[in-house]
Amino acid sequence: MKKMKGLRWWVVSLVAIAAVINYIDRQTLAVLWPTIAADIYPDKTVDETNQIYGLISTIFILAYAFGQALFGKIFDWVGTRIGFALSIGFWSLATILHAFARGVMSFSILRIILGAAEAGNWPGAAKGNAEWFPAKQRALAQGIFNAGASLGGLVSIPIIGYLALVMSWQAIFVVVGLLGFLWLVPWLVLVKAPPEKHPWITDEEREFILSGQRPSDKPDDASDQVKEEPYNPSTCKLLRRKESWGVIIASAAIDPIWWLFVVWIPIYLSSSFGMDVGEIARLGWIPFVGAIAGALFGGLLSQSLMKREWSVNAVRKLVITGGSLIMLVCLLALSNPASPMAAVITMAGVLFGFQIAISSVQTLPADLFGGKTVGTLAGFAGMAAKFAAAGVTFLIPIITAGGKFSAAFVLGAGLAVTAMAAIWILCPKIEPLKPN
């Protein structure tokens, strides 16, 4: 039987492409909202339609929060292959059905389905990377996945913006929804089994992956790592560990910063600077260039430091702290931008720092626990993150009435500090945990 070299890189590439599709699907409503609002609510003011959009987006994020916990368990039960197929299949169908929405109720129902299904992408990526990569490459793999999410954010705004010039908003939802069903074909063909049982993986790659599954402060003790039994506590015991709460709180603090921009970039540019859909398409993608750069830089930095025999604890804390400080500075600068171009460039700095930090935050479940509980902790962390993001999203129309977003950016700066503090206080040493 023919073997494939570097099979793990094919797998993470497909997961990254799924993240691209994920963000195109969710961003479609954000980019098209001014057009949809003018069609469905012609008699309402911009502030009124922004409040409706904020409510629908809050409902989406709450569904996303429950979906993170649900799919964290589903991925642990059915595995990465079937878990991703279920997630992307349902969210693609929900996207297509947006074409038939006619008001708050129908949009809300479809955003609930979309949010719950799209949520599987993140615990699925964390579990997939834990299965297919040794600890020293895990942050790089997560960075590649996060770069896919950022690329989706980057390409979605200009693609959807320009499609809106030639197609109805209903047709655009159908087109982008079909992308997910196309993705399922190579995924189901390529990812036949986990690495220990996959028929196409080389013996050398299988050994490389499995011998480095558990992180260690001593890079040369691979034989000891294989012999040591991974710690897979029950859910109750998992939630009694302060390290688990460090991951959960850091995720809950840092994630709303990302959603602040994903949900509100087009609305912010329209409300604050009077930009139309075409102008937003020309500038709205720039922040996601910073996100892609940050995702790749954060992953490569982690891998480089690990090769220099830095401990997992030192690497994760350095990267998370550095990314958080970059976010803090740029968010404060955004409170009074000189121009639309200055605003989007500063946003790129925020998302650069965010992706540097989040790639390491998302690897923490695999750094701390065995593979059978990685999806569970990642799901709880994701659920907490989305509850926090929903709360921030609901507040945005209230604190930004009249197009003044400075209060939102100051709030984001405080969240960056909170994320950094949670890791330093609640995760005194990031290493494989053992039973108390």
Side-chain angles (χ1 to χ4, degrees), residues 4 7-28 60 63-98 110-133 141-142 144-149 151-152 156 173-201 209 362 365-366 371-379 382-383 386:
M4 291 182 64
L7 185 60
R8 67 191 185 281
W9 298 110
W10 287 96
V11 173
V12 76
S13 296
L14 272 178
V15 175
I17 292 171
V20 174
I21 297 171
N22 184 296
Y23 267 84
I24 292 175
D25 285 15
R26 78 173 57 168
Q27 283 285 83
T28 302
F60 168 79
Y64 201 101
F66 285 108
Q68 290 256 301
L70 173 65
F71 270 97
K73 284 291 187 183
I74 288 174
F75 273 89
D76 283 340
W77 289 334
V78 304
T80 307
R81 181 176 189 261
I82 301 302
F84 265 114
L86 291 172
S87 176
I88 198 166
F90 277 106
W91 97 50
S92 298
L93 178 61
T95 300
I96 291 172
L97 293 176
H98 275 63
L110 291 173
R111 296 309 274 186
I112 288 171
I113 300 171
L114 181 71
E118 281 197 344
N121 215 26
W122 267 254
K127 185 173 179 65
N129 289 341
E131 288 178 352
W132 282 91
F133 287 86
Q142 194 68 36
I144 292 171
F145 167 75
N146 288 338
L151 179 61
S156 63
F173 277 113
V174 174
V175 170
V176 299
L178 290 174
L179 295 175
F181 290 109
L182 293 176
W183 178 90
L184 281 173
V185 177
W187 174 258
L188 293 174
V189 170
L190 184 66
V191 186
K192 297 179 179 296
E196 59 267 24
K197 298 179 181 179
H198 203 292
W200 296 351
I201 194 170
I209 293 170
Q362 289 173 338
K372 294 180 181 179
T373 49
V374 168
T376 300
L377 178 54
M383 182 176 69
K386 299 311 172 288

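Reckoned from all heavy atoms, side chains included, excluding hydrogens, waters and symmetry mates.
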Interatomic distance, CG@Leu179 vs CD1@Ile88, rounded to 0.5 Å, equals 9.0 Å
For residues Pro195 and Trp132, determine if any side-chain heavy atom of one lies less than 4.5 Å from a side-chain heavy atom of the other. yes
With distance as the sole test, does Arg111 use its side chain to make a donor-acceptor pair with the main-chain N or O of Arg26 at under 3.5 Å?
yes
Heavy-atom nearest pair, Ala16 first then Phe145, reads CB-CA, 4.1 Å
(message) The test is side chain to side chain contact (heavy atoms under 4.5 Å, CB included); show your working for Val15 and Trp187 and say whether it passes.
(response) CA-CA 9 Å; Val15 175; Trp187 174 258; 3.8 Å; yes
Review point. Does any N or O in the side chain of Arg81 come within less than 3.5 Å of the main-chain N or O of Ala193, such that one atom is a donor and the other an acceptor?
Key: no
For Ala141, the side chain to side chain contact (heavy atoms under 4.5 Å, CB included) test, sequence neighbours excluded, returns Val12, Asn129, Phe133
Closest non-hydrogen atoms of Leu97 and Leu110, given as atom of the first, atom of the second and distance, are O-CD1, 3.2 Å
Q. Do any N or O atoms from the side chain of Trp183 and from the backbone of Leu14 form a donor-acceptor pair under 3.5 angstrom?
A. yes
Exercise for review: Test side chain to side chain contact (heavy atoms under 4.5 Å, CB included) on Phe181 and Ser92 and set out the steps.
Suggested key: CA-CA 7 Å; Phe181 290 109; Ser92 298; 3.6 Å; yes
When rounded to the nearest 0.5 Å, the distance separating CZ of Phe60 from NZ of Lys386 is 9.5 Å
Next item on the list: Would you check if Phe84 and Asn121 make a side-chain contact, meaning some heavy-atom pair closer than 4.5 Å?
Entry: yes
(request) Test side-chain hydrogen bond (donor to acceptor under 3.5 Å, both in side chains) on Glu131 and Thr80 and set out the steps. (result) CA-CA 9 Å; Glu131 288 178 352; Thr80 307; 3.0 Å; yes
TODO: Verify side chain to side chain contact (heavy atoms under 4.5 Å, CB included) between Phe90 and Leu114, making sure each step is shown before the conclusion.
DONE: CA-CA 7 Å; Phe90 277 106; Leu114 181 71; over 6 Å; no
Mind running side chain to side chain contact (heavy atoms under 4.5 Å, CB included) on Trp10 and Leu190 for me, showing each step along the way? CA-CA 8 Å; Trp10 287 96; Leu190 184 66; 3.7 Å; yes
dist Glu118:CD -> Thr95:OG1 (nearest 0.5 Å) comes out at 6.0 Å
To the nearest 0.5 Å, atom CG of Asp76 lies from atom OG1 of Thr376 at 4.0 Å
Between Gly67 and Ala119 the two heavy atoms that sit nearest each other are C-CB, 3.4 Å
Distance-only, no hydrogens or angles: does the Ser87 side chain make a donor-acceptor pair with backbone N or O of Gly83 under 3.5 Å?
no
Test item: His98 side-chain N/O and Thr28 main-chain N/O as donor-acceptor pair under 3.5 Å: no
CG (Leu184) and CD1 (Ile21) are apart, to the nearest 0.5 Å, by 8.5 Å
Can you find a side-chain donor-acceptor pair between Asp25 and Trp91 that sits under 3.5 Å?
-> yes
The reported gap from CD1 in Ile144 to CG in Leu151 (rounded to nearest 0.5 angstrom) is 13.0 Å
